[in-house]
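Notes to accompany the following structure.
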Amino acid sequence: MGAVRSCVKARTITWTTAWTTACAAAFGLLLAAGQAGQARDAAAQRRTAAQDSATETALSETLNANTVSVVTGTPGGTYFRTGADLAFVLDDGDRLRILPILGRGAGANAYDLRFLKGVDLGFVRTDTLDQLRQDKRLKDIEKRIHYVAKLFNDELHVIAPTAIGAVGDLAGKRVSFDVKGSGTDYSGRAMFRDLGIAVEAVNVDQPTALEMLRRGELDAVVSVAARPVAIIAGFEPAGRFHLVTVPYGDRIGEAYVPATLTRADYPKLVDGARPVETLAVGTILGVYNHPKGTERYRKLERFTTAFFDRFEQFLAPQHHPKWREVNLAASVPGWTRFQPAQDWLDSHRGEAPSQGEVERFLGEQPQGAAADKEEVYQAYLRWRRAQRPEYGMVRR
């Protein structure tokens, strides 16, 4: 009996050991399967993350490869509005996007264009290079900043009490030149220097300056901007203020030209039919001259081609009227044209519309025809093609 019990016990032990071993093996298999599943899940997550990263990287590369930025001006100003026109007219989906950036004005725009990362284009003025040459910190500025095209003129506005008959009467008086870094701050002061008029210069924003003028805390407010300037046109003079005559003299620098301000521009500030003589400075579309062959240079090539190819769209009535003053072929003394712009002009000689053409067309229209601006614009396009039989739709 003892032997039997020993035998049964041995079998029990053997079965238990086998069962334990089997369980351990099964558990090991389950554990291995779980680990393998976790590994597969981790690998799948890594693949998904890599795919997502690749998708985001591709999207980032696409957006950056096709976007150019342009620094403009303060809200509501001419640069701000024409910058918006650039964005609307030239937007081409994934191929080209224009990103306007608010700026402080032509003076500060030059520094933004030269030094701020990501700024490709900017509205600057024909006297900007002279401004930058005076900054001894800068080198080879002519090589850094080129221009795509000369655009329109910005006129000098001097608003003062009616007792100020001519700009020379402001000698020694308190005159505001907008905020520091603005185009008015540089161009306005430079114009006064050329005129030989020394004043007590003040820098405050235009709304504040006009209110100070009204209270007698300033003797004049200066603005160098494309006419008509909304804030000046909206200023209520109450018979006390007017736009001051600024004569063009022999001492005026070559960057400045004679201009006029009319009653049509400022009915509240110009008394009578005779226009007010003043000065003007040209605005240009400046461009940072990246090394040829770089990605940013290629983007600006695409921008330049689109700008010239589609220029006639800027003449449509919904866009700023200053576009109609542009002569794309006009050169700017002392400046270097961006090479892709020069290449386009060389290959399209005789096709770019000029200011003279637009004025000649408008002069041929019957009185009252300008009431329907869209009709006049379409008529202009038909007229231009008739003037130049070789000119058809824009070549691509």
Side-chain angles (χ1 to χ4, degrees), residues 78 105-108 110 124-135 150 152-206 209-210 212-213 216-229 231-232 235 237 240-262 265-266 269-272 274-284 332-335:
T78 303
V124 294
R125 288 182 174 150
T126 53
D127 61 358
T128 293
L129 286 184
D130 291 335
Q131 171 191 355
L132 297 181
R133 289 189 188 105
Q134 294 172 19
D135 191 333
K150 182 182 182 298
F152 40 78
N153 285 337
D154 291 337
E155 291 82 14
L156 171 66
H157 302 69
V158 181
I159 307 97
T162 53
I164 303 295
V167 70
D169 297 340
L170 291 172
K173 298 186 181 297
R174 282 172 57 83
V175 178
S176 169
F177 290 89
D178 205 348
V179 297
K180 279 192 173 297
S182 66
T184 294
D185 187 36
Y186 178 78
S187 296
R189 288 175 186 251
M191 289 173 173
F192 268 65
R193 283 196 299 270
D194 284 1
L195 291 165
I197 302 171
V199 299
E200 182 184 344
V202 178
N203 287 110
V204 292
D205 64 88
Q206 299 291 50
L210 290 170
M212 292 173 67
L213 177 68
E217 298 170 8
L218 287 173
D219 296 295
V221 174
V222 169
S223 173
V224 183
R227 62 178 172 86
V229 181
I231 191 170
I232 296 176
F235 178 65
R240 298 169 51 203
F241 305 100
H242 70 149
L243 283 164
V244 178
T245 297
V246 182
Y248 185 86
D250 295 337
R251 298 176 57 185
I252 303 299
E254 65 176 11
Y256 308 119
V257 297
T260 58
L261 304 171
T262 69
D265 300 319
Y266 302 104
L269 292 166
V270 177
D271 185 16
R274 187 175 180 179
V276 174
E277 295 180 13
T278 190
L279 308 179
V281 59
T283 285
I284 60 181
V332 183
W335 286 76

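Just so we're clear, the structure is a prediction, and the values are computed from it rather than from any experiment. If you read the sequence from its start, that first residue is 1, and numbering goes on from there.
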Donor-acceptor under 3.5 Å (His242 side chain, Pro237 main chain):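 No, His242 side chain to Pro237 backbone: no donor-acceptor pair under 3.5 Å.
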Side-chain donor/acceptor of Asn203 to backbone N/O of Asp178, under 3.5 Å: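 Yes.
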Closest non-hydrogen atom pair, [X] against [Y]:
X	Y	answer
Leu218	Ser176	CD1-CB, 3.7 Å
Leu213	Pro161	CD1-CD, 4.1 Å
Val270	Leu261	CG2-O, 4.2 Å
Thr126	Ala255	OG1-O, 3.5 Å
Thr278	Thr260	CG2-N, 4.2 Å
Gly334	Leu129	O-CD1, 3.4 Å

Parallel, tilted or perpendicular: ring planes of Phe235 versus Phe241, cut at 30 and 60 degrees: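 Aromatic pair Phe235/Phe241 classed tilted.
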Please tell me if the side chains of [X] and [Y] come closer than 4.5 Å, counting only heavy atoms from C-beta onward.
X	Y	result
Val167	Pro247	yes
Gln131	Arg125	no
Ile159	Leu243	yes
Trp335	Val124	yes
Tyr266	His157	yes
Ser223	Gln206	yes
Lys173	Val199	no
Ile252	Leu195	yes

Give, for atom [atom1] of [X] and atom [atom2] of [Y], the distance between the pair rounded to the nearest 0.5 Å.
X	Y	atom1	atom2	value
Leu170	Ile197	CG	CD1	7.0 Å
Asp154	Arg227	CG	CZ	11.0 Å
Asp194	Asp250	CG	CG	12.0 Å
Phe152	Thr283	CZ	OG1	5.0 Å
Leu156	Leu279	CG	CG	5.5 Å
Thr162	Leu269	OG1	CG	11.5 Å

Residues Asp127 and Tyr256: side-chain donor-acceptor under 3.5 angstrom: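 Yes, a side-chain donor-acceptor pair sits under 3.5 Å.
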side-chain contact (heavy atoms from CB on, under 4.5 Å) assessment of Asp265 paired with Glu155: CA-CA 12 Å; Asp265 300 319; Glu155 291 82 14; over 6 Å; no
Heavy atoms of other groups near Glu254 CD, more than 12 under 6.0 Å: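 At most 12 heavy atoms, drawn from other residues, nucleotides or ligands, come within 6.0 Å of this atom.
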Neighbour count above 12 (heavy atom, 6.0 Å) for Arg133 CZ: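 Count over threshold, so yes.
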Stepwise side-chain contact (heavy atoms from CB on, under 4.5 Å) check, Val276 with Thr245: CA-CA 5 Å; Val276 174; Thr245 297; 4.0 Å; yes
Residue pair Val222, Val158: steps toward the side-chain contact (heavy atoms from CB on, under 4.5 Å) verdict: CA-CA 5 Å; Val222 169; Val158 181; 4.3 Å; yes
